[in-house]
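Input: a single structure, listed below in structure tokens.
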Amino acid sequence: MATVSPEFILRRTSTFLDEAFSQTDLRRSVLSSARRRLTSPDPTTLQALALLSQPTDSSFSASSSASTGTTSRPSPSALRTAEKLLLTLPSKNPLSSLLLAFVHALRQRHREAALSLLDLFALAPFAARYEVAAPVFEDLFIPHLLPAIQWFADQRSRILASQPSSGIDDDAGRSIEVTAAISLLSRMSGDQAEELKELERGYEDVLDENTMAYAGYLKEVLESRDGEWEALLPPQLILTKVKRNKGVFEGIQEEDEDDEDDDEGQGFGSRPKLSSRNGRYNPMWLEEERSDEFLSRQSSRVQDKNVKVSAKYSQRPSPQRITRQPSTDSSNGNANLFSDFRPGSSSSSENSVVSDAEFDPGILQEKKTRKASFGSDENQYQEQEQTSSETTCSSNHQMVDPDGILASGKPTPPKDFVCPITSNIFDDPVTLETGQTYERKAIQEWLDRGNSTCPITRQTLNITQLPKTNYVLKRLIASWREQNNAYSTPARSENPSPKDARDFNLLKRAPSPTSVISQASIDGATGDLRQAISRLCTSEILGESEKAVLQIERLWREAGTDPEILPVLSKPAVVNGFVEILLNSVNADILRSAVFMLTELASRDNFVIQTLTRVDSDVDCLVSLFKEGLVEAVVLIYVLSCPPESLIEMDMLDALVMAINRKEDESFAMCLKPRIASLFILNQMIRVENQKNVSEFMGALISRNIVEGVIPCLESDLLDEMLAAVEILLRCMEEDGNCREDIADTAEFGPLLESFSLANDAQRFQIVQFLNELVKLSRRTFNEQILHIIKDGGAYSTKHVLLVYLQTALHDQSLPVASLLLQLDILMEPRKMSIYREEAIDALISCLRNTDFPKSQLLAAETIMGFQGRYSSAGKSLAKAYLLKKAGMSKSYRAIMRTEQMGHALGNSEENLEEEKAAEEWERRIAFALVSHEFGLIFEALAEGIKSRRAELFSTCLVSATWLTHMLSILPDMGLRGAARVCLLKLFVSILKSARDVDDKALAMLALRSFMYDPDGLHDMASYVKEIIKSLRELKKSSSLAYEMLKLFSDGQESSAEMWNHKELVQVDCSTHGEVLSIVCFKNRIITGHSDGTIKVWSGVESLLNLIQEAHDHSKAVTSLTVSGERIYSGSTDKTMRVWILRNGEIRCSEIHDVKDQVHNLVVANSISCFIPQGAGVKVILLNGGSKLLNQSKNVKSLALTQGKLYCGCQDSSIQEIDLATGTVGTIQSGNRKLLGKSIPIQTMQVHDGFLYTASNSIEGPAVKVWNTSNYNLVGSLPTNSEVRSTIASSDLIYLGCKMGTVEIWSRQKLSKVSTLQTGTNGKVQCMAIDSDAELLVVGTSDGKIQAWGLT
């Protein structure tokens, strides 16, 4: 058996103790039972009991108690006094353990409370499990003790079955079921009764021993350290015979030889020899080892269900063996937890036998038959016996008699009604091509075993699937059952309604008719109904049967709820007649009427449900009709309560979605609308936990626009429909958060909020979860609109309703309630005091600090992180992304935003700016509320979470702590920065120093920067300066904030050269192919163009600049290489432009464009390409056809293209901007400057992040200028003296390729020179490229060299 976790134990014990003290009646019952049943306590214990029973603390208002419906708790002083008294006892006693558990629970010491409660089970196991703490015993102990319960049940079954065979015809032709049933129906001998009594006496003592042993094991689990409990093994079960010796029970480990001979295989130690797997006894394995003949006779659908359940939970006994029986004593509602095994319930031998008989309905039937012959003074006892029999049933399938033909006095069915394989009456007869009829399941099993012949005639069968049900024979069998009162069905319910009982008695009192028609007449039905039923059940003409269905429907609607008609129409023959219509009719109106009648009957009579579900093909037929468009069939499918797992396998999803989305037909009224029934079935499907691929199922559901159809159900007057819609929409949001905005846009929340006061606790929690999940929208303004709707909706104040619910909610339900309540309260500017805010934050911090419930602890941390207010479209918090942006980690920020599909939020549009303003205002209000609560108590809780060894909790608490610490530098100084430093400073320094994740280091760095705004913070950080500076140097290249902090720590002396250090990686010589004229980096590949027309592909990662491919498609120099989208474009002086695709690391030419002119400086965007021809102007080529020449008056030297704007640098040093959409030309810089008759051309230009960088000769003014592309203003320059031939810019740096083989590096932010790189040659640096991370620089020179540097 698997071990239990400390969390599981604490959850069960805490729930019991909370309920016991929050409910006055239950608390009084538990304490009175403990006082009555436990050993006599000493005066000290009684004094502690009196303290816990005294009037409660006066600080709790009576009105609050009345409004919440709970009892107030004892005063803190009374709790402390009671605890001291109980701890001073020299030894524990049962009552003191119980009281100490209550004290610890009330003082929020859940682990100590659980240990004290387990002491109660170790000291007084009998009273603890039956009267004092029965729910705890059921949750914690029963799973461990199930084999013991099963073993004793098997012993009882063995005693009942061990009858002499003299009274039974044990011929070879009789089935095992018949033999077992007759054996059970025989009278019980005196020896049996005595043996049963002895078994009962020893049962409780075995339970006591095992309970005490297992209680000790549970205490060890609770007292173990983290993870050590997994190595603990539960104690072995004590399953031995026990004998009474002077009041003490002693287990006998060895049996005498006679016992071994007589009872071989019956002891716990020997049982596995008969039926075991892996050395463990299992009653279901014993069932499997019986003959195939017996297994094939499990024809009843009820039996099949039992087999499936037992196979799944093989270590558990039948659920009917472990039931809570109703108690007439209100103060002892949890006693009689296992009524079947309670000793002392009867002192007579006969009563003992009656208790045992509860395991088998056959014995009960025989005893009720015998009791019927007694006088009227036995009536009361007989009624009690019948009630008991309806609530229990046997799990031994061989003793079940589904047809009721084995009981004494029952007639023998005709031979044609009995399956030759199972020897049972047919349930689902099928007639094969040989003319022989068999039970469907039996013949199917015969065929599944590989047989291909008829079992009787031995003729070869030419079938791929079994034929349809023989409904003619099925109707005859149903009529025979009615005539001979041989039809048996399971009890309708444990407590049948008076109407059901009256209808059932009506059937029992009716005289045996000769046909279904006669029975209808005797029951008082009208003549028309009698004729209609006759045509339905006997006519061989389909048309007549169809007319009968319509007539029966009309008469049913006219009769209303006439109790005389229901028993007539509920008979199996009539029900099967309706089913046959469903199988054969093609008329939609007829099918609709038949479904309506079956739905009406099934909703009123469980006998009809049993009839319909005995045969799987009937349900299959209904599902097929529903999928073909008969939407009314879904109501009947729902009424039949089919297992949702089977409905999922039947692929009903499309039909259910169609029924939910379709417009209702109000003209055809049913007991339940098809749309509502479909909604209920869909709700059952999404609850299936063992579904193979839940995400795939939910994805298919969302893709079918189910959200659109379910949203209107939130306005339903039916609470169950509304809650089903809430659960479906909640699952959709959890699976695909993109549907959240659709729900928020169209849903009406007023009815849902008004229903909150009518719902129970579980339903309220579901509604709060839905609303809390809904307010995670990506737009902050929209989020606050929804919060206002929730706040102002409903008949009562939503905040007050949530506050009352929060004060009474269970521990694992409080987080969503607290989260929603706090957000509603923060909608307005936070006040100094708010009971809503205080209660909500208290609940959050309590959950965050409670290590006994790790799941709730993590959820609390995630809730606090989510308060930052920024969410992705999927509803995930973007707090970490925005904090990394603040820390200067732009790369990490963009990566997270792209992962969350939030690329639209990266821009600076007017809408984004408005959303950001709203988010900052929300962030300020919520942060103020959190940090000001009890003078920064939340920082202590977050610090404890950061110290956790659980990575997920650590990461979430780190983000939350960083966010709140950063907000302290924005909020007004309230004296809270010192509290934050005391709790978090050392932790942040440690994370910055030793964290493996760079993002974690960046978060810690941002938090430390917030401390530096305060002089006291700088003073406190003085002792950590060396460690901080060392870590900041490592972060310089990826974070601008690290550089800023280094300047602060080093008084502004930090060198830029040290910050941007480039290391030479590799150089290759390609001079055999001429000059290197162009170069690009694309998908871990470096591609170069050479003057002889060669294009080379090099590796861009491992084995840098390792040649992979050479392409010689161009016949002349490749002057340009550029990337647009997923394609590479090359331009050449051979007057062609080629388009390349990168596949498997190599390029392949996919398109060739003859441009009729030499191509220089090619730039491409979307479907437009521009290049400098041999003459004047700029040539624009549309890749789908067409070309034109722009700026014909200028000789263009360089080009840059971005966002539909073409920038031209000309020979006369002028710069133009051309709008390609309109053709308009704007002048950025005028030209016409000449020196000694020569022009000063714009050699190169680059556009990056809204700025244009141009380079020319430095003879007159700066060589490199920086322009603002939005207004053409000159914003700066780079005062280099070198002759620049190429430029490229990254987010931080500007690289200038110069004439004498040098590369100058300049800071983009400060426009200051950082360093200079040397290529080692005197050739011109003609082209440059950087990779996507801007960490690799590759240059090409005029003397054929390619060189690479890495940013370190």
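The residues of the chain are indexed from 1 along the displayed sequence.
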Notebook entry, point to check: Should the heavy atoms of other residues, nucleotides or ligands under 6.0 Å from NZ of Lys547 be counted, would the total exceed 12?
Noted result: no

Margin query: So, applying side chain to side chain contact (heavy atoms under 4.5 Å, CB included) with Ile706, which one of Leu729, Leu653, Leu701, Leu679 is it?
Written below: Leu701

Margin query: Working to the nearest 0.5 angstrom, can you tell me the gap between Ile456 CD1 and Thr437 OG1?
Written below: 9.0 Å

Note to self: Would you say that more than 12 heavy atoms from the other residues, nucleotides or ligands in this model lie under 6.0 Å from the CD of Glu708, or not?
What the structure shows: no

Notebook entry, point to check: What are the two closest heavy atoms between Pro467 and Leu432, and how far apart are they?
Noted result: CD-CD2, 4.3 Å

Note to self: Between Glu735 and Arg731, is the salt bridge (Lys or Arg N to Asp or Glu O under 4.0 Å) condition met? List the steps.
What the structure shows: CA-CA 6 Å; Glu735 190 64 32; Arg731 286 297 304 274; 5.2 Å; no

Notebook entry, point to check: About how many Å separate CD of Glu540 and OG of Ser545, when rounded to the nearest 0.5 Å?
Noted result: 8.0 Å

Check: Do Cys454 and Tyr438 have side-chain heavy atoms sitting under 4.5 Å apart?
Finding: yes

Notebook entry, point to check: Parallel, tilted or perpendicular for Phe417 and Trp480, by the 30°/60° rule?
Noted result: perpendicular

Margin query: Just so I know, are the side chains of Lys627 and Asp651 near enough to count as touching, which here means a heavy-atom distance under 4.5 Å?
Written below: yes

Margin query: Counting neighbours of CG on Asp448 that are heavy atoms of other residues, nucleotides or ligands and sit closer than 6.0 Å, is the number greater than 12?
Written below: yes

Next item on the list: Using a strict 4.0 Å threshold on nitrogen-to-oxygen distance, state whether Glu553 and Arg557 make a salt bridge.
Entry: yes

Check: Which heavy atom in Cys419 sits nearest to a heavy atom in Glu439, and how many Å separate them?
Finding: SG-N, 3.3 Å

Check: Have Glu546 and Ser585 got a donor and an acceptor in their side chains that come within less than 3.5 Å?
Finding: yes

